[in-house]
Amino acid sequence: MDFSFTSEQDELRQHLNELLDAVCPPEYAEACDTEARPPRDAYQALAKHGWFGLIIPQEYGGAGRSPIELAILLEEAGRHFEELAMWLFRTLTYGGYAVMLHGTRAQKEEILQRVLKGELSFCFGLTEPHSGSDAAALTTRAVASPEGYTINGQKVFTSGMDISDYCLLVTRTSSTQTKQQGITNFLVDTRLPGIEVRKVQTLGQRAIGTTQVFYSDVKVPATAVLGVLDKGWEAVDAYLWYERLCLSAARTGAATAAFDYALEYAKTRNQFGRPIGKFQAISHKLADMKAMLDISRMLVYRFAWLMAQGKATRSDAAVLKLHTAETYKAVSDMGLQILGGYGYCMEYPMQRFFRDSRLAVIGGGTSEIQRNIIARGLGL
Ligand SMILES: Cc1cc2nc3c(=O)[nH]c(=O)nc-3n(C[C@H](O)[C@H](O)[C@H](O)COP(=O)(O)OP(=O)(O)OC[C@H]3O[C@@H](n4cnc5c(N)ncnc54)[C@H](O)[C@@H]3O)c2cc1C
């Protein structure tokens with residue numbers, strides 16, 4: 001067993017951090033959050049420096065690297081600005097990984113090379129008003145027509161739809177005995193007639209945020225199908241495992257940023273003639289935060305390694321998502337307490353971590369659902 005990164009991976013992380021320090025400093029992240037502005041310059045800088053090609057196979061011009069390098073990219077992007085990492089992960093998962101796994105030759109040639117150059121952004125339309133945790137109960141329908149398919153229905157919480165070129169849209173194409181059957185995935189051009197996007201006001205994730213999307217007689221060509229007709233649910237499952245790695249890496253990075261800020265504050269804020277970090281009530285919080293974060297990081301890279309070996313299980317993915325999300329939430333909460341009244345003020349960054357981290361235990365499968373999956377794996 002070897003817990004160390006290779007020197008190449010260390011160098012990769014170092015180069016990435018040099019770039020992110022320059023294009024995504026803390027004040028940039030704060031401004032994007034306050035002004036509800038997507039971190040476009042930082043996103044484009046990552047594309048310009050080739051980071052979108054990290055996981056794309058070499059035959060399509062990418063670097064063809066493993067989930068471990070992907071986790072490094074998302075951890076560091078998340079440490080600089082969680083929403084930058086979220087934008088990056090959506091494009092890499094739904095425009096990169098999904099197309100690599102299930103795209104036709106033509107889709108791969110068209111899409112992967114444009115993702116690589118930062119020309120395309122992707123989002124994911126799974127959740128509907130009546131199917132959240134019970135995601136396979138979705139009812140958005142795609143009906144075959146002479147020109148391709150016609151889509152009708154409603155999605156909610158499609159994050160980044162308003163800034164994406166394509167949505168990986170999960171639809172029902174036939175009524176079958178089980179809800180997991182008869183599902184088909186499409187790569188839908190977000191600017192097609194019949195699509196209406198409405199922004200949803202949320203507690204956090206304000207720079208990009210999320211949307212409600214209405215599909216009314218949206219016509220897509222048959223070439224927009226991704227993967228096998230009626231067999232889309234298995235594919236969604238695979239994307240969600242990948243998503244769990246990406247989310248967990250990004251949020252471990254964000255939690256690390258919250259921890260670093262709280263630690264520095266505890267060393268420099270004086271009360272009763274000494275730094276507050278000298279009070280056991282504060283130092284033990286920081287010790288707990290450090291221990292939880294160390295476990296998060298180990299789980300992220302263990303899962304990345306398991307994925308690279310083709311050995312990851314559903315339960316591994318759920319343990320990862322559960323622990324890293326709950327850690328981010330707990331670390332931001334303790335961080336806010338360490339800052340006292342200043343933690344509650346909008347001029348300090350801790351409130352952003354606190355707001356953003358609240359989504360971690362909900363989005364991408366709630367903590368309750370992750371516990372259900374783990375329990376099922378235990379035969380319960
Ligand atoms: C800001 C934001 C961004 C998002 N981005 C996206 C996105 O880009 N794409 C997308 O498709 N979706 C997205 N989502 C949707 C997200 O994945 C869902 O909100 C989540 O899966 C929960 O679904 P729900 O909100 O309908 O809650 P519900 O499923 O209604 O759950 C409500 C409560 O009941 C609990 N519950 C439900 N079923 C069970 C059960 N069987 N056992 C125990 N407890 C249960 C839940 O854990 C939760 O506490 C986003 C959500 C938010 C808020």
Side-chain angles (χ1 to χ4, degrees), residues 33 36 38 82-83 85-95 97-98 121-140 153-172 179 183 185-188 190 195 197-215 226 232-233 235-244 246-248 250-251 254 314 317-318 321-322 325-326 328-329 352-377 380:
D33 177 68
E82 189 188 335
E83 275 203 274
M86 292 292 149
W87 192 2
L88 185 62
F89 118 72
R90 283 193 284 269
T91 294
L92 291 182
T93 302
Y94 299 108
Y97 183 68
S121 282
F122 282 72
C123 60
F124 183 46
L126 171 65
T127 306
E128 297 182 2
H130 300 291
S131 58
S133 299
D134 188 9
L138 62 95
T139 58
T140 293
Q154 186 186 341
K155 295 283 174 181
V156 71
F157 300 134
T158 305
S159 299
M161 177 79 175
D162 48 340
I163 56 162
S164 294
D165 302 283
Y166 283 97
C167 177
L168 196 156
L169 186 69
V170 189
T171 69
R172 186 156 301 284
K179 60 190 172 190
I183 284 177
N185 303 318
F186 287 86
L187 290 172
V188 175
T190 57
I195 297 179
V197 182
R198 289 187 206 155
K199 200 95 182 177
V200 177
Q201 294 305 317
T202 50
L203 179 67
Q205 309 269 314
R206 289 192 181 160
I208 296 175
T210 195
T211 67
Q212 243 187 315
V213 189
F214 300 85
Y215 295 85
L226 180 70
W233 188 252
V236 167
D237 221 25
Y239 308 154
L240 288 178
W241 284 26
Y242 203 74
E243 172 172 316
R244 278 175 195 159
C246 293
L247 289 176
S248 300
R251 286 165 175 164
R314 184 181 304 277
K321 165 74 172 51
L322 175 65
E326 292 290 341
Y328 183 22
K329 177 173 164 246
R352 175 165 55 85
F353 296 119
F354 181 77
R355 287 184 287 110
D356 286 351
S357 70
R358 206 57 190 77
L359 177 63
V361 296
I362 299 171
T366 65
S367 286
E368 289 82 357
I369 295 299
Q370 305 313 313
R371 287 188 178 95
N372 287 351
I373 296 170
I374 298 164
R376 268 204 303 278
L380 297 168

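Whatever order the structure lists ligands and atoms in, that order sets their numbers, starting from 1.
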Identify all N/O pairs between ligand 1 and the protein with a separation under 3.5 Å and present them as a table of atom names and distances.
residue: ligand 1; atom: 5 (N); partner: Phe157; partner atom: O; Å: 3.0
residue: ligand 1; atom: 5 (N); partner: Ser159; partner atom: OG; Å: 2.7
residue: ligand 1; atom: 8 (O); partner: Phe157; partner atom: O; Å: 3.2
residue: ligand 1; atom: 8 (O); partner: Ser159; partner atom: N; Å: 3.0
residue: ligand 1; atom: 8 (O); partner: Ser159; partner atom: OG; Å: 3.3
residue: ligand 1; atom: 9 (N); partner: Phe124; partner atom: O; Å: 2.9
residue: ligand 1; atom: 9 (N); partner: Phe157; partner atom: O; Å: 3.1
residue: ligand 1; atom: 11 (O); partner: Leu126; partner atom: N; Å: 3.0
residue: ligand 1; atom: 11 (O); partner: Thr127; partner atom: N; Å: 2.9
residue: ligand 1; atom: 11 (O); partner: Thr127; partner atom: OG1; Å: 3.1
residue: ligand 1; atom: 12 (N); partner: Thr127; partner atom: OG1; Å: 2.7
residue: ligand 1; atom: 12 (N); partner: Phe157; partner atom: O; Å: 3.4
residue: ligand 1; atom: 17 (O); partner: Gly364; partner atom: N; Å: 3.2
residue: ligand 1; atom: 23 (O); partner: Ser133; partner atom: N; Å: 3.4
residue: ligand 1; atom: 29 (O); partner: Ser133; partner atom: N; Å: 2.8
residue: ligand 1; atom: 29 (O); partner: Ser133; partner atom: OG; Å: 2.6
residue: ligand 1; atom: 42 (N); partner: Asn372; partner atom: ND2; Å: 3.0
residue: ligand 1; atom: 47 (O); partner: Thr366; partner atom: OG1; Å: 2.7
residue: ligand 1; atom: 47 (O); partner: Glu368; partner atom: OE1; Å: 2.9

Ignoring hydrogens and angles, state whether a donor on the side chain of Ser159 or Gln205 is under 3.5 Å from an acceptor on the partner side chain. no

Please work out which of the three classes, parallel, tilted or perpendicular, describes the rings of Tyr94 and Tyr239, given edges at 30° and 60°. perpendicular

Do the rings of Tyr97 and Tyr242 sit parallel, tilted or perpendicular, given the 30° and 60° boundaries? parallel

Are any side-chain N or O atoms of Gln154 and backbone N or O atoms of Gln212, one a donor and one an acceptor, separated by less than 3.5 Å? no

If you define the side chain from C-beta out and look only at heavy atoms, does anything of Phe124 sit under 4.5 Å from Thr93?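 They are not in side-chain contact.
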
Can you name the ring-ring contact (aromatic ring centres under 6.0 Å, His included) partners of Phe354, sequence neighbours left out?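 So Phe354 forms no ring-ring contact (aromatic ring centres under 6.0 Å, His included) with any residue.
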
